[in-house]
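Remarks on the structure that follows.
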Amino acid sequence: MDLIARLRAGLPGEAILTDPDITGSYANDMASFCEAGTPAVVVLPRTVEQVQHIMRTATELRVPVVPQGARTGLSGAANASDGCLVLSLVKMDRIIEINPVDRIAVVEPGVINAVLSRAVNEHGLYYPPDPSSWEQCSIGGNIGTASGGLCCVKYGVTAEYVLGLDVVLADGRLLTTGRRTAKGVAGYDLTRLFVGSEGSLGIVVRAVLALKPEPPQQLALAAEFPSTAAACEAVCEIMARGHAPSLLELMDRTSIRAVNAMARMGLPDSTEALLLAAFDTPEPAADLAAVGALCTAAGATEVVPAETAAESDLLLQARRLTLTALEQVKSATMIDDVCVPRSRLAEMLDGTAAIAEKYGLTIGVCAHAGDGNTHPTVCFDAADPDESRRARESFDDIMALGLRLGGTITGEHGVGVLKKEWLARELGPVGMELQRGIKDVFDPLGILNPGKLF
């Protein structure tokens, strides 16, 4: 019995897609420079039992399986391989439970981040992880890549909110990890192991997520600086003085100019760096005043605090428009995701500027400055082979710079296809040996998302 016939034995017809024109649209996520193959079939299950049937079939026939969420990822982790079975989880999109007493939500992997956030808000609760693609990205994808977001400086990343998981293993068995309780240390922490594993260890079909009380509406300020060094000094002072901003973002001159060109934001041409800070504390105005003073002491030429939520949104608009603006500079972009210690942030930005000059490219940087997580965006003409080559080489130089500064090649986007050659450089031979050993335990046949990570 062939693959399609086996799948039809446990799935409704509408859950199986075989038309090449349709299956081809599931071949890749949003990353550049990442190879993608041609899937043999795309399946869209709606139940845990259907996922189990799919994995049993794949194991019996030795068919590679590529799990997918909303495909908003930026590392190629959801890219298909030739002849694979693409397992799209977008139809498993139920919010099963929101519990205000236990402060948890139980959800399926296809739930969109923004949908969950709004649903828990109705109960006076808050789900903090907020990737930039939160209106499109799914919780399952967030878990698979250990996503971050703008609020991580105060509230942390996805991994800190995943209490427990239901996971279908490669052979179709159902594994439950973690807990629903506030505390729990029984056995090895398998839940954390799955977070960030990019679908290489199992298929997440249900998640228990921690929630927080909804905070007050945040207020923001914008500070203009004559140099990235001065802006990064302000970041270090803000964190060293014990402030807890809900957002602390930085844009370099290239990003500022791109946004100005697109949206006519009116930022002065002399601005070399723009720092955006926000607080969701009971008295945000007082916190903004204290941070504004630190910015001025570090050399800010202008500090503009918001007095209302509407004014805050206007101040933050430049940061939200950054990627869109940089995409208009050239026909293609490569978005890096290097995270360094906060104390090395200025070196990272200045080093990236030097790399841009070396390769004759436009590279704009926006950063989750409070985390040291930078997003250098290489702008290039995809139709120009030489410029494309220089773009890829500059991308590699940026990752090498991050490692030299004591950082990591990815803070929140994941490894996928794009960065797997760099993973060994960061982990070292012993780390790689143990990681591959873990992979073999969960996926002895190597059918789960092959070619990713390692």
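Scope of the values below: all heavy atoms of this structure, side chains included, with no hydrogens, waters or symmetry mates.
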Item to complete: Please list all pairs passing the side chain to side chain donor-acceptor pair (under 3.5 Å) test where one or both residues lie in residues 348-360, with sequence neighbours left out.
Response: Thr228-Asp350, Lys358-Asp397, Tyr359-Asp397
Discussion item. Can you tell me if Met265 has over 12 outside heavy atoms packed within less than 6.0 Å of its CE?
Written reply: yes
Worksheet item: Do Arg180 and Asp102 have side-chain heavy atoms sitting under 4.5 Å apart?
Response: yes
Practice prompt. Could you verify whether a donor N or O on one side chain and an acceptor N or O on the other, from Ser312 and Gln218, lie under 3.5 Å apart?
Written response: no
Worksheet item: Below 4.0 angstrom, N of the basic side chain to O of the carboxylate: do Asp396 and Arg392 qualify?
Response: yes
Fill in: Side chain Arg319, main chain Leu250, donor-acceptor under 3.5 Å
no
Worksheet entry | Sole candidate of Asp371, Leu275, Leu276 that passes side chain to side chain contact (heavy atoms under 4.5 Å, CB included) when paired with Leu248 | Leu275
Worksheet entry | Non-hydrogen atoms of Cys152 and Val157 that approach each other most closely | SG-CG1, 3.7 Å
Worksheet item: Taking only residues two or more places apart in sequence, or in another chain, which ones meet Leu323 in a side chain to side chain contact (heavy atoms under 4.5 Å, CB included)?
Response: Glu327, Ile335, Thr377
Discussion item. Please tell me whether Tyr155 and Asp280 have a donor and an acceptor in their side chains that are separated by less than 3.5 angstrom.
Written reply: yes
Worksheet item: Does a side-chain heavy-atom distance below 4.5 Å link Ser200 with Phe442?
Response: no
Discussion item. Could you measure the distance from the CG atom of Leu448 to the CD1 atom of Ile203? Nearest 0.5 Å is fine.
Written reply: 5.0 Å
Discussion item. I'd like to know if the side chain of Lys154 reaches the main chain of Phe279, judged simply by a donor and an acceptor atom lying under 3.5 Å from each other, with no hydrogens or angles considered.
Written reply: no
Worksheet item: For Lys91, does the NZ atom sit with more than 12 other heavy atoms under 6.0 Å from it, leaving out its own atoms?
Response: no
Discussion item. So, using side chain to side chain contact (heavy atoms under 4.5 Å, CB included) as the criterion, who are the partners of Arg118 when residues are at least two apart?
Written reply: Ala114, Trp134, Glu135
Discussion item. In terms of relative ring orientation, are His413 and His375 parallel, tilted or perpendicular, with 30° and 60° separating the classes?
Written reply: parallel
Worksheet item: CD of Glu97: more than 12 outside heavy atoms within 6.0 angstrom?
Response: yes
Item to complete: Answer yes or no: is there a side-chain heavy-atom contact under 4.5 Å between Leu267 and Val259?
Response: no
Fill in: Any Asp386 side-chain heavy atom under 4.5 Å of Arg390 side chain
yes
Discussion item. Could you check whether Thr281 and Asp287, counting side-chain N and O atoms only, form a donor-acceptor pair closer than 3.5 Å?
Written reply: yes
